[in-house]
Amino acid sequence: MDKVLVSPQEAVKDIQDGSTIMFGGFGVAGIPFALIKALYEKGTKGITAITNSPGGRLEDFDLSILFRKRQISKVIASYPVYAGKINAFEELYQKSEVELEVVPQGTFAERIRAGGAGIPGFYTPTGVGAVAGEGKEKRIFDDREYLLERALRADFALIKAYKADRMGNLIYRMTARNFNPVMATAAAVTIAEVDEIVEVGELDPESVVTPGIYVSRIVKGEKYDVGFK
Amino acid sequence: MDKVLVSPQEAVKDIQDGSTIMFGGFGVAGIPFALIKALYEKGTKGITAITNSPGGRLEDFDLSILFRKRQISKVIASYPVYAGKINAFEELYQKSEVELEVVPQGTFAERIRAGGAGIPGFYTPTGVGAVAGEGKEKRIFDDREYLLERALRADFALIKAYKADRMGNLIYRMTARNFNPVMATAAAVTIAEVDEIVEVGELDPESVVTPGIYVSRIVKGEKYDVGFK
Amino acid sequence: MSGLSRELIALRAARELQSGQYVNLGIGLPTLVSNFITDEMGVVLHSENGALGFGRIADEGEMDIDLVNASSQPLTLKPGAAFFDSATAFAMIRSGRIDVTVLGAYQVSENGDLANWMAPGRKAGSIGGSMDLVSGTRRVIVVMEHTTRFGELKIVTRCTCPLTGYGVVNTIVTNLAVIEVTPEGLLLREVAPSVTAEDVQAVTEPRLLLADDLREMQL
Amino acid sequence: MSGLSRELIALRAARELQSGQYVNLGIGLPTLVSNFITDEMGVVLHSENGALGFGRIADEGEMDIDLVNASSQPLTLKPGAAFFDSATAFAMIRSGRIDVTVLGAYQVSENGDLANWMAPGRKAGSIGGSMDLVSGTRRVIVVMEHTTRFGELKIVTRCTCPLTGYGVVNTIVTNLAVIEVTPEGLLLREVAPSVTAEDVQAVTEPRLLLADDLREMQL
């Protein structure tokens, strides 16, 4: 069972127009730069992107490059825009060239977790009485009001991990973990970009964060100098 | 922030009659033997026990000792009885001296996970059309039928881990992990029995399974020769 | 006409597994299947108490109370294993990540209903992981003795024990036969050595369909 | 009358924290609070991108792109830290494990309504973790400049921006004052050095109640 592919290009070659794709990462950490670049080169269009923050902090490397090429038609996100800066997403959004569903971050994470756990819907207290609760089905349990939220799933999850073994077991590095492990569980095909590929048996079974059962394809990314400072 | 107590007796001394208690462990692995013994000695009665399997495989050490002393009045469990053997729970159950709610194991785990995640209820496909679904509220999402299940929480969780640091960060050992990490999240007071207590900073932050935020009290257990073979 | 030993039932069930599959083995007879999965098969075993990648049952000297399967039998590990908690173990099951589960049964009905958690006449039963497994797994293989030790039929027209799931069983492997559950009914695909189709029908309540390529099991 | 610097607002907010508390710091000004939490305080910081136990903002030479807070600022770690995924980070928040959250705001109303995710006049906003935080956390402290840089009031009778949560704010720390949200209304507890209660009222829309022990902030 060897899930390692030779290149990011090979890993994304069957991602068709109109696909729903989860992209891991949060701010600057844990973003699959090589897979995003490969998808940019392939030119897949009409993407529904499920991602916490649709780029802008590292705009030559993150999802901004897909927005500039108009590859994304809808975004489901928690943190789409930044204070004091217009990102590539917002430029399109102001022109109504991309749709947006903005979701509280905990609800966003839990909807993805539910999608990967075979749970079609759940109730949460978050967003009751706020704009996030408008139009949502409400229900009272033990005298408190909750909103019904639905699971999120995707055709593909493009995630970033630190190390993989050839069976797809993954570990992450510090806060680059963020949404990557939950997204890994919630897509039909999960593609992991990693800094290092090790042989089966080299990862400690106690410390594996994403078991290989969730991972379909593994590629080694390049080291990017994204100019973080 | 030092959560280490000197003895199992001190750790359970405020567990009142009528408490709802989660007990970690599955079969023979990951059972908090020292905490169970301390609770036996304290004599707390009228306990509602939430546990995957209410003992019997190691009957001089597991929950069997609490059933023999009639300390438990209700059990919520997934695997209460064994083939070919009557355990201490079933002896009482046959005499109607203890109540039982039997739950599919995945639903049991997910109800506890929901209890620890601020989710009051969720939908699951498990049990539809089977006896576990009788009397439950049903709902259709995308043409498939699901059951509404409610979260489980407890006053106390008595769990077993391998190592703790003094802030309550925990790691486990192999399949002794089982229900312990989810139960740790779902109780007002979580008490962890561990094989070894280490100083703060000695556990790898990447490998911590239960962050200390979930753990109120830590005690070192004895080594038990339970005669496993 | 006793047919296969328990070990040979497990061996025959193991032959149903394919490279790349993630497989869960239920409590009891199904756990024996792990002894017949070779490294070359490329099958990864899942245990609902929180492990992927375990191997055969451990020998006397290898036993560790912290490394057991859902039946509390001591396990061995293979390279590439991973541990996780029970909620994660069932998240994998419910979301359809387990390709095959091998389960025991009290009864299986003509349309694939499974009853395996409440023994006839007992006041309490243990559901364990089986309801989640039949609900979430792509293929359900039942392994069991064809009848009870008192000779009662276990492959029946309609289950009398409480159900674990309805219409969930795909394949039945017993000491006498391999039977496929099809929309048309139960299809007899293989018989054990020195067992005939008539022998199998005699201890099976519903009418069996005979496969065009009905043959003797290769063990 | 400019009152406290951003650093001093953060310092004053840090004084609200107590030993043994788990605390989440929101994006922007609240992240500065981490620079005023000493080891002796016994406070553990939580970040919604998956960390417990971080320290002050990292200096130039210590920066690592994989160790950042929710504002993408580089962090340092303290002994006893733990990493986890985003779903776990919010499970902690929703279930009430976070004792205190410190958040920024566009507007806070007389009854503690908070508006902090959609800037006035902008077409899109970022909810981030703030709706979960105000819903799940025991105590919500808002830190902000008392007015916008154009002089518009931010402590208002009723929020005009979309709400993050209603009746959720407990305490407001600004460059001018410390104000408690009480059932009777906004209670002025402290004023910044060389700022009077009248000065604060002049830039606060609702009528302020004056604490019996109203005093100057100790910094």
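Chain naming here is simple, since letters A, B, ... match the order of the sequence lines and numbering starts at 1 in each. Side chains included, hydrogens not; waters and symmetry mates left out as well; all remaining heavy atoms used.
If you measure heavy-atom distances from A:Ala77 to chain D, you find no contacts under 4.5 Å at all. Only the side chain of A:Arg144 comes within less than 4.5 Å of a heavy atom of chain D; its backbone N, CA, C and O stay farther away. Both the backbone and the side chain of A:Ser96 come within contact range of chain D, judged by heavy atoms closer than 4.5 Å. Residue A:Ile31: no heavy atom, backbone or side chain, is found under 4.5 Å from chain D. Heavy-atom distances place both the backbone and the side chain of A:Thr107 under 4.5 Å from chain D. For A:Val103, the part lying near chain D is the backbone, with the side chain staying farther off; criterion is any non-hydrogen pair under 4.5 Å. Using a 4.5 Å cut-off between heavy atoms, A:Tyr162 does not touch chain D at all. Looking at D:Ala124, the atoms closer than 4.5 Å to chain A (heavy atoms on both sides) sit in the backbone and in the side chain alike. With a threshold of 4.5 angstrom between heavy atoms, D:Ile27 approaches chain A through side-chain atoms but not through N, CA, C or O. For D:Ala70, the parts lying under 4.5 angstrom from a heavy atom of chain A are both the backbone and the side chain.
Of all heavy-atom pairs between A:Gly84 and D:Arg122, the closest is N-NH1, 4.5 Å.
Side-chain atoms of D:Ile127 and A:Phe108, non-hydrogen and from C-beta on, never get closer than 4.5 Å to each other. A 4.5 Å side-chain heavy-atom check between A:Arg173 and D:Asp64 finds at least one atom pair inside the cut-off.
Between chain A and the options D:Ser135, D:Gly128, D:Ala91, D:Ala87, the largest number of non-hydrogen pairs under 4.5 Å is found for D:Gly128. Listed options D:Asp66, D:Leu77, D:Leu163 were ranked by heavy-atom pairs under 4.5 angstrom with chain A; first place goes to D:Asp66. With respect to chain D, the highest number of heavy-atom pairs below 4.5 Å among A:Ala29, A:Gly106, A:Gly129 belongs to A:Gly106. Most heavy-atom pairs under 4.5 Å with chain D, from the set A:Gly133, A:Ser53, A:Ala109, A:Pro104: that is A:Pro104. Between chain A and the residues D:Ala51, D:Ala119, D:Gly125, the largest count of heavy-atom pairs under 4.5 Å involves D:Gly125.
In A:Arg139, the CZ atom is crowded: over 12 heavy atoms of neighbouring residues, nucleotides or ligands sit closer than 6.0 Å. Counting heavy-atom neighbours within 6.0 Å of D:Lys154 NZ, excluding the residue itself, gives a total above 12. Taking a 6.0 Å sphere around CG of A:Asp142, one finds it holds 12 or fewer heavy atoms contributed by other residues, nucleotides or ligands.
We find that A:Arg113 and D:Asp85 are not joined by a salt bridge, their nearest charged nitrogen and carboxylate oxygen being 4.0 Å or further apart.
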Checklist entry - Passes side chain to side chain contact (heavy atoms under 4.5 Å, CB included), D:Trp117 versus A:Val102? Steps please. => result CA-CA 11 Å; D:Trp117 74 274; A:Val102 61; 4.1 Å; yes
Checklist entry - Please walk me through it: do D:Ile93 and A:Thr126 pass side chain to side chain contact (heavy atoms under 4.5 Å, CB included)? => result CA-CA 10 Å; D:Ile93 292 170; A:Thr126 300; over 6 Å; no
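For residues 28-47 of chain D, a heavy-atom distance under 4.5 Å to chain A picks out no residue at all. Residues of residues 87-95 of chain A that come closer than 4.5 Å to chain D, counting heavy atoms only, are A:Glu90, A:Tyr93, A:Gln94, ordered by residue number. Interface with chain A: from residues 10-24 of chain D, no residue qualifies, criterion being any non-hydrogen pair under 4.5 Å.
Taking OG of D:Ser72 as the start and OH of A:Tyr82 as the end, the distance is 6.0 Å to the nearest 0.5 Å. With values rounded to the nearest 0.5 angstrom, D:Ile65 atom CD1 is found 11.5 Å from A:Arg57 atom CZ. Taking CD of A:Gln105 as the reference point, atom CG of D:Asn49 lies at 8.0 Å (rounded to 0.5 Å). Remark: A:Thr175 OG1 to D:Phe84 CZ distance equals 10.5 Å, nearest 0.5 Å.
Residues satisfying the side chain to side chain contact (heavy atoms under 4.5 Å, CB included) criterion with A:Pro120, sequence neighbours excluded, are B:Tyr123, B:Phe141, B:Tyr146.
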